[in-house]
2 protein chains.
Amino acid sequence: MLKTKVDVDQAAVILKLLGDRTRLTMVKLLENHDCCVCEFVEIFDMSQPSVSQHLKKLKQVGIVKEKRKGSWVFYSLNKESEFTIFIERLLDEIPNQDDKLEALEKNGKRITCC
Amino acid sequence: MLKTKVDVDQAAVILKLLGDRTRLTMVKLLENHDCCVCEFVEIFDMSQPSVSQHLKKLKQVGIVKEKRKGSWVFYSLNKESEFTIFIERLLDEIPNQDDKLEALEKNGKRITCC
DNA sequence: TGCTTATATAAGTGTTCGCTTATATAATGG
DNA sequence: CCATTATATAAGCGAACACTTATATAAGCA
């Protein structure tokens, strides 16, 4: 049987993780694009360890997954999680953040990574 | 113009608040019923100050509102908040918690409050 | 008025959080 | 193999969090 609703405790865990400006923006960006760590470092103007730690938390509960390509590690939304529908509905309610990636593109910082 | 989406920063604040098992369950219960503080104390088996502090946080950002009736203070979902749609869509994704109120009712603890 | 019940606020405490710097690991290319 | 680049992990730290107990405020009632 397909589970249509997420348990309250599980939902609280997801919401707590997404209740952080940085992680919420990350996940919204990943809705439409795969991104590598160094791109997030640029976008959030944040140290690389800090970015890695945020991504690790998102990965631990299965919100995102990673794929290594050469020396880069690309992150993407995990579409097979039991929380996928819940998260996608949630992301529908917040505005697109792709302007942040476009800004990278203009600075040539998107291409150097990919 | 009606705002259909919630700003990322605002969304993060809401999600952080709802990213707590106790507060999320409270809000889900308030979706269908007004509740007073003492009922939450029973339901969550938690100290009265702790319950009051959770409700205060929810009130501060406008998620809930309060109305005094005699010596009791009843809390309800604030339907006029700019986050109302966002929150109601979110609550749609988690299961009804009314069994907790029904349990109170059976113990006669619901009536003594209302 | 004084007593009881309901709720709020204050203060203290251990835990979690998000960051930092330093270091380890992994892959690339000379 | 060595140097460089990308990423992960470890350790430390101040701030925020969720609780507690003690106390204050507010309403109801004898």
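All of these numbers come straight from a predicted model, not from anything done at the bench. In what follows, every heavy atom counts, from backbone to side chain, and hydrogens, waters and symmetry copies are set aside.
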Does OP1 or OP2 of C:dC19 have a side-chain N or O of A:Ser50 closer than 4.0 Å? yes
Under 4.0 Å between a Lys/Arg side-chain N and an Asp/Glu carboxylate O for B:Lys5 and A:Glu93? no
In whole angstrom, give the distance that lies between atom CG of A:Leu18 and atom P of C:dC17. 14 Å
With heavy atoms under 4.0 Å as the rule, sort A:Lys59 into base, sugar-phosphate or nothing. nothing
Answer with base, sugar-phosphate or nothing: what part of the nucleic acid does B:Phe40 contact at a heavy-atom distance below 4.0 Å? nothing
Would you mind reading off the distance between B:Asp20 atom CG and C:dT15 atom C1', rounded to a whole angstrom? 14 Å
Determine the contact category for B:Lys57: base if any of its heavy atoms lies under 4.0 Å from a base atom, sugar-phosphate if only primed atoms, P, OP1 or OP2 are that close, otherwise nothing. sugar-phosphate
A:Glu39 side chain to A:Cys36 backbone, donor-acceptor under 3.5 Å: yes
Any N or O donor-acceptor pair under 3.5 Å from the base of D:dA8 to the side chain of A:Gln53? no
Is a donor from one side chain sitting under 3.5 angstrom from an acceptor on the other, for A:Lys100 and A:Gln97? yes
What's the closest nucleotide to the side chain of B:Trp72 if the choices are D:dT21, C:dA8, C:dA6? C:dA6
Taking it one step at a time, do B:Thr22 and B:Met46 satisfy side chain to side chain contact (heavy atoms under 4.5 Å, CB included)? CA-CA 10 Å; B:Thr22 303; B:Met46 184 177 277; 3.5 Å; yes
When you check the phosphate oxygens OP1 and OP2 of C:dT9, does a side-chain N or O of B:Lys56 lie under 4.0 Å from one of them? yes
Heavy atoms under 4.0 Å, any strand shown: does A:Arg23 hit a base, just sugar-phosphate, or nothing? sugar-phosphate
Does the side chain of B:Ser52 get closer than 4.0 angstrom to OP1 or OP2 of C:dT7 through an N or O atom? no
May I ask you to say what B:Tyr75 touches in the nucleic acid, namely base, sugar-phosphate or nothing, with a heavy-atom cut-off under 4.0 Å? sugar-phosphate
Contact nearer the 5' end of DNA chain C, comparing A:Gly70 with A:Gly19: A:Gly19
With a non-hydrogen cut-off below 4.0 angstrom, is B:Lys16 in contact with a base, only sugar-phosphate, or nothing? sugar-phosphate
